[in-house]
Amino acid sequence: MNDGHTRAEELPSHATANGARLRELAALFLKLGAISFGGPAAHIALLEGEIVRKRQWVTRQQFLDMLGAANLIPGPTSTEMAISVGFVRAGWAGLCVAGAGFILPAAVITAGFAWLYVRFGALSQAVPALGGVKAAVIAVIAIAIWRLGKTAVKDLGLAMLGGLSLGAFFLGVNPIAILFSGGLLGMLARRAASARATGALLVLPVLSGRTFQTSTVGRTLISWLSWSGTLALASAAAGMAPVRPSVYKIGLFFLKVGAVLYGGGYVLLAFLEQGIVQQHAWLTHQQLLDAVAIGQFTPGPVLSTATFIGYLLGGVPGAAVATVAIFLPSFFYVALLAPILFRLRQSTWMAGFLDSINVCAVALMGGVTFKLGADALRGWPAWGIATLWLAALLRWKVSPAWVVLGGGLAGLALAAFHLG
């Protein structure tokens, strides 16, 4: 009886603790969703600063494993990172709260811009603060790459793999091909070195004992490929739609995009141009470019572009359905992978694969940052803002959130004195 009473008394305490974690997740990711300018690389840098350095919810190695896994599945990488953090912190409820919290601010802000767009026509001005924000974001990303790189590059072989991945990125090789081929190459190289050291033969893992996780991942990948193929066939069968599509067709289109979109916001434009402009003729090229510009301008995931397009096509219901549809597959994929992710390191094969994927992911972040920097750092004011915040981040433990806000204020100040 005493044992029963003790357990009954512990349940409210556990529920209270989990409720506190959910509130903490909601507060953090609503904040990040509202200030996360600069695209996926910047979002990941903000996440690293908040959950690894500041709150220490996960180790830097676990963060890298989550990043590597998020890069291997379709959907927006930074959103899937937020969803994964939520699961690690507070289970299935945390998964939903963190993901929704990160997405909601961008969706609401984007819907507001869509409302203004419909009533006042094409966008012709940008906020002066954006230039300062972009410059500050480059400093945030550079620091994050430096910290993640120190953890990811564990030996000379991984350093060489990172260099090869960076070179392949600049040669135009598909990022997914870089990740998968880099992961396989690094895994086989590590096993070959181990085999030479022990005199053992290099053999592929069997589906038993410690390698059960490989089978699980294989089944997971097969399931999402089958599901994605089914969605693609269903979308193709829907045929050409009228200029004003139904909410159902809007949802089906964006569900298909979310299910098969590799590369996140960086390749979203190609999907939208081919489907919405060419195939369905729902929007013109100018409307699409305006939608993508809003997605880049607003904080949070770039895929909030779907909210803007959904509003143009179907008003508030269209915006809501498009937003839910494009992000829903990410919750599904992370839910499949998150429960087994950290156990994958128990397999020496998968540990080698994850280490290699991590190095390739950091190299890709470096390549993307170089391209972002070429766009953001034009003129001495932008270079000055980036250099100032880079020095501050190196010298003090400044929250990336303050860096982003400070960059925006600096951009406004420069514009006021006609220096930007």
Side-chain angles (χ1 to χ4, degrees), residues 25 29 40 43-44 47-48 51-52 57-100 102-103 148 152 175-176 178-180 182-184 186-187 205 207 210-231 255 257-264 301 303 326-362 364:
L25 282 169
F29 283 101
H43 305 168
I44 291 166
L47 277 172
E48 189 272 341
I51 71 168
V52 177
W57 287 349
V58 297
T59 66
R60 187 161 282 118
Q61 182 60 65
Q62 289 174 324
F63 185 86
L64 282 166
D65 288 345
M66 293 161 67
L67 177 60
N71 274 290
L72 287 177
I73 57 179
T77 301
S78 56
T79 304
E80 289 167 346
M81 289 287 289
I83 297 170
S84 297
V85 171
F87 179 82
V88 171
R89 186 64 177 164
W92 299 109
L95 178 148
C96 297
V97 168
F102 188 63
I103 294 165
L148 294 174
I176 302 305
I178 294 174
L179 289 169
F180 272 106
L184 290 172
M187 179 179 66
L207 303 179
R210 293 169 60 192
T211 60
F212 79 95
Q213 298 93 341
T214 306
S215 176
T216 304
V217 173
R219 289 195 298 269
T220 299
L221 292 175
I222 291 171
S223 67
W224 78 252
L225 283 170
S226 301
W227 189 56
S228 300
T230 301
L231 286 172
L255 187 65
V257 172
V260 302
L261 179 64
Y262 270 112
L303 266 66
I326 200 168
F327 286 108
L328 185 61
S330 295
F331 286 86
F332 175 76
Y333 295 140
V334 174
L336 287 176
L337 190 58
I340 64 170
L341 176 59
F342 295 149
R343 294 206 307 272
L344 292 178
R345 282 205 168 266
Q346 297 173 12
S347 163
T348 54
W349 282 87
M350 291 307 299
F353 185 76
L354 286 171
D355 283 342
S356 302
I357 287 287
N358 291 339
V359 167
C360 295
V362 173
L364 290 177

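Between the side chain of Tyr333 and the backbone N or O of Glu80 there is no donor-acceptor pair closer than 3.5 Å.
Leu47 and Ala82 get closest at one heavy-atom pair: CD1-N, 4.2 Å. Residues Ala98 and Gly86 share a closest heavy-atom pair of CB-CA, 3.6 Å. The two atoms that bring Gly352 and Ser356 nearest to each other are O-OG, 2.9 Å, heavy atoms only.
When side chains are defined from C-beta on, Phe63 counts as touching Ile44, because their heavy atoms get closer than 4.5 Å. Contact of the Val58 side chain with the Val85 side chain is not registered, since no non-hydrogen atoms from C-beta on lie closer than 4.5 Å. At least one side-chain heavy atom of Pro76 sits under 4.5 Å from a side-chain heavy atom of Phe327. Looking at heavy atoms from C-beta onward, Leu64 lies in side-chain contact with Val362 at the 4.5 angstrom threshold.
Here the options are Thr79, Leu25, Val97, the test is side chain to side chain contact (heavy atoms under 4.5 Å, CB included), and the partner is Phe102; only Thr79 passes.
With values rounded to the nearest 0.5 angstrom, Ile357 atom CD1 is found 9.5 Å from Met187 atom CE. Expressed to the nearest 0.5 Å, how far CG of Leu255 lies from CZ of Phe332 amounts to 10.5 Å. We find the CG-CZ distance between Leu336 and Phe331 to be 14.0 Å, quoted to the nearest 0.5 Å. The CE atom of Met66 lies 4.5 Å from the OG atom of Ser84; values are rounded to the nearest 0.5 Å. Within the model, atoms CE of Met81 and NE2 of His43 stand 12.5 Å from one another, a figure rounded to the nearest 0.5 Å. Going from atom CZ of Phe353 over to atom CG of Leu184 covers 5.0 Å, rounded to the nearest 0.5 Å.
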Stepwise side-chain contact (heavy atoms from CB on, under 4.5 Å) check, Val52 with Thr59: CA-CA 6 Å; Val52 177; Thr59 66; over 6 Å; no

